[in-house]
Amino acid sequence: MQVCKIQVTSGLPAAGVIDGNQVRLLKSPVLAEYLHVPSPLQAIQQGIDVNQRPVSLDGESADDPHLLSDVRLLAPVDQQEIWAAGVTYKRSQEARERESVGAARFYDLVYTAPRPELFFKSPAYRVSGPGERVHIRRDSKWNVPEPELALVISPQLKLIGFTIGNDMSSRDIEGENPLYLPQAKFYDRACAVGPCITLAEAMPKPDDTTIRLTIERGGKTVFDGATKVSAMKRTFQELIDWLGKETSFANGAILLTGTGIVPPDNFTLAAGDVVHIDIAGIGRLTNPVQMRIES
Ligand code: DO4
Ligand code: MG
């Protein structure tokens, strides 16, 4: 089962269950009311508002009077803090060692240490949803998207489901000095999440879960790479245990689990690029890349 948040034309945000190309609306717009309970599946089934018309996701059913159309998916986030793990795949460790000559050994140390790298990525209000732009920093010359499987975690630290995260990163800033990591990783529109949440029971096994990153420029593919979640060095439970060791999450948390795909060192994102992240069992998160426009 998959749940999502949507906005119908100019109406208020709503939560819903994905049913093929349609969304069946839930009574409350707050996903946490269905996810942060002992049995999310049951709560969602009981929460469907049978008095509301389903909503079409493909726009092609506009002629069907039983379907509402003209909808857009929103980030499937209520008030969760978004956190991220780093250097959980060999590919990330190797790329980081090359970019940060002076501090290379720290990446090897963190890849093998019991304690993972964990960092705060974004408050919920700052997250970009499906189709919304992500930014590259104007003071950076080397920017990449990081396609990551994201864990949806309840206040009781239970793994409820999965979504897709983009941990936008400025490689030259983090490479210059690891103490600059928050600036390389945390700025306006540096994090995208979506398009929906797949409940944990419905997710394929890590061996069958492919993550694919495709970057388009001017309609052409300029980067395409894939990995499997099973290439991750850490388990989901290990990351959740470390995250919750001394920190509580009254509103739940979303934890991006690190990237296993890094474009070659001569690649940087440009304004106008389009980033697609596909993860088996969840779907596709697409975001156009822009720079901040001075207002
Ligand atoms: O230490 C730098 C960040 C690592 C990261 O974000 C990743 O591996 O995904
Ligand atoms: Mg990352």
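One-based numbering, in listed order, for ligands and for the atoms of each. Just so it is clear, the model here is predicted, and its values are computed rather than measured.
Between the side chains of H276 and T286, at least one donor N or O lies within less than 3.5 Å of an accepting N or O.
Taking a 6.0 Å sphere around CZ of R91, one finds it holds more than 12 heavy atoms contributed by other residues, nucleotides or ligands. Other residues, nucleotides and ligands place more than 12 heavy atoms under 6.0 Å from the NZ atom of K233. The number of heavy-atom neighbours closer than 6.0 Å to CD of E238, taken from other residues, nucleotides and ligands shown, is above 12. Other residues, nucleotides and ligands place no more than 12 heavy atoms under 6.0 Å from the CZ atom of R115.
Take the Mg ion (ligand 2) and draw a sphere of radius 2.8 Å; the protein N/O/S atoms inside it number 3.
Contacts of ligand 1 (protein heavy-atom distance under 4.0 Å) are A85, G86, V87, S92, R96, Y107, E117, F119, E146, E148, D167, E174, L181, K185, G258, T259.
Using bins of under 30°, 30° to 60° and over 60° for the plane-to-plane angle, the ring pair F120/W83 lands in the perpendicular bin.
Between V3 and I18 there is no side-chain heavy-atom pair separated by less than 4.5 Å.
A ring-centre distance under 6.0 Å is found for F236 and F162.
Note that the CG atom of D139 and the CE atom of M291 stand 10.0 Å from one another [nearest 0.5 Å].
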